[in-house]
Each structure stands twice: as structure tokens, then as C-alpha cells.
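Nothing fancy with the numbering, it's 1 onward along the sequence.
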Amino acid sequence: MRNLSSVLATALLATLMSAAAPARAQTPTVADSGMLVVYDQDLPVAREEFVWQDFGDSLIISATARRTLADDKGERHAYEKGMLVVVDSRDFGLLRYLSNQTFQGQTAVRGILPGDTVMTYYTEFGGTGNASRLVQPPGRLFVIDTPMFSLFDVLVRSLAGKDFTTRRMQLLVTSTDTLSMPIATITRAEPDTLLIGDRRLPAQHYILVDPSVQFDLWADTKGRLLRLSHLGSGMRVERRQPAPPAKPAPKPALRKRTTVKR
């Protein structure tokens, strides 16, 4: 019998292909790509590479986060987590979510399958899986799954071009084996400018508050997340474009041999 991760991946792909416009389902376009760098007190500690693909009626966002984490003995190990989220391209409403985390040889899988009035939350750890049916909150749903900051990018892009002061956001926050559903508020603050690399860019400032935490977020004129910060911990996240692949060194030109006539 197939394990839960393969079942979720198959369900995610089936949903994506059925949601996409038939004319474009076979040829998705890359709408955006880049990297989010995570800083702890100005020290870079992690990176997250992401890709947005446009399938017509739906968007699929994939991302992979990598860093090192210490175990109980203080030894450091590689940590990697990938995620796929499918949203409606019209309003960024959640269609499917799947994540896969690897640390110290253990794999943890989480998935969310929304429906009309109920949704299913899947988890798998060490090959053992569980599923819960939960009453689905009304309205659009936004997933928060630590440490995938591309999910905040999905949230702020849904606000691009909208004029408001404060609005409610229905979050789905994952944990080891439960799914909480806090209602957050997001406030549209004054426009700002950010120094990103060597460029200063206009940015829209948002303040996201849920019952336990507050984040400041800045997005560019297209709604793309430029920066996220949590002042209490000194953590911030900044968008970077990945370095272009290095060009191969040119091959040395072969010198023609000349024949000297005697």
C-alpha cells in the first residue's frame, strides 16, 4: 500500500490538473522565482528558494528551506523542508497544501485538503500516518507552516491593489499533530521604502497580528514579499534573487601550427 506522502502528492497533482485551464495545463509558465534569506540578529542562518507557476485558473507555489539545527546534545544537523501549495489564481483561496520535512533521518509529512464545509488534515511521521476531519472555517484560508516563509508571500500577494485599513485573515497553523485555526488581523500601514541590496524600493508596509505573535511585512508594488520581521526575536527575512549560474570558462583557442620552409 502506498504511504501517505505519495497519496497526498497524487491528490495534489490531480487537483492541480483539474483546476488548471485545459489549454494551459500542459504548459505552465513560471510567474516568479527567487530566494528568501533568514537572518537572526543580522546573521544569515537559513535560505528558502521558491518558484511560482501559473496554470491558468490556479497557481502552484513550491519552496525548499534549508538550514542547520542543533540536537539535544548541541550537535548540528542538516534540516530541510519542502512545500507545495495550490491556490485559486483569482483570489488566492487555498486548494491544496503539502509539506515534507527531513531532520536527523526522520521525515514528517503534513497535508491539508479543503472541501466545502469540512477539511482533512494529514500527518505522517516515521511511516505512521493519521488524518483528522475538521469543520472548515468560512472564507479564504491561509496556511502558516514553520519555517516556510513563502506562505507569508502568498498572504501578502492576496492583498495587492486592495485599499483597506484592517481586515481579518483566517489562518491554518500546523503543528506536530494538530491544526489550529486562529483569526489574525492585518493592518495596512503607511507606504515605505526599503533598502534591498544596493537598491531602495517603494514598499507597502503591513502589520500581521494573531493571538500569539506580530509580524511586520513589506511588499513591492506587485505584492511580492520583500521583507518580514519579528522585532521581539531579532529575526527577519529578506527576498533575494538567486545568483545566476556561473558561465563555463572559455576554452583556450588552439594555436595553429606554422611550417617553416627551408
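- For the pair Arg67 and Tyr79, the cation does not sit on the ring face, since its NZ or CZ is not both under 6.0 Å from the ring centre and inside 45° of the axis.
- Using a cutoff of 4.0 Å between basic side-chain nitrogens and carboxylate oxygens, Asp192 and Arg227 are not scored as salt-bridged.
- With a 6.0 Å cutoff to the six-membered ring centre and a 45° limit on the axis angle, Arg224 does not count as a cation-pi contact of Trp218.
- Using modelled atom types, no side-chain atom of Glu49 and backbone atom of Ser62 make a donor-acceptor pair closer than 3.5 Å.
- A donor and an acceptor atom, one from each side chain of Glu48 and Ser150, are located under 3.5 Å apart.
- Ser99 and Arg110 form no side-chain donor-acceptor contact under 3.5 Å, judged by distance and modelled atom types alone.
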Could you please spell out the steps behind the side chain to side chain contact (heavy atoms under 4.5 Å, CB included) verdict for Val38 and Met235? CA-CA 7 Å; Val38 183; Met235 182 271 295; 4.2 Å; yes
Lys222/Asp32 under salt bridge (Lys or Arg N to Asp or Glu O under 4.0 Å): CA gap, chis, key distance, verdict: CA-CA 11 Å; Lys222 295 181 179 180; Asp32 191 21; over 6 Å; no
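- Side-chain atoms of Leu217 and Phe152, non-hydrogen and from C-beta on, do get closer than 4.5 Å to each other.
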Could you please spell out the steps behind the side-chain hydrogen bond (donor to acceptor under 3.5 Å, both in side chains) verdict for Thr120 and Arg133? CA-CA 5 Å; Thr120 304; Arg133 297 276 283 178; 3.0 Å; yes
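- Of the residues listed (Thr29, Ile60, Val30), the one engaging Asp54 in a side chain to side chain contact (heavy atoms under 4.5 Å, CB included) is Thr29, and it is the only one.
- Between Arg140 and Asp88, no side-chain nitrogen of the basic residue sits less than 4.0 Å from a carboxylate oxygen of the acidic one, so the salt-bridge criterion is not met.
- The pair Asp145-Lys81 counts as a salt bridge, with a side-chain nitrogen and a carboxylate oxygen less than 4.0 angstrom apart.
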Hey, mind stepping through Arg188 and Lys162 against side chain to side chain contact (heavy atoms under 4.5 Å, CB included) and telling me if it holds? CA-CA 10 Å; Arg188 190 172 185 266; Lys162 293 181 172 58; over 6 Å; no
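- Remark: Arg239 does not engage Asp220 in a salt bridge, criterion side-chain N to carboxylate O under 4.0 Å.
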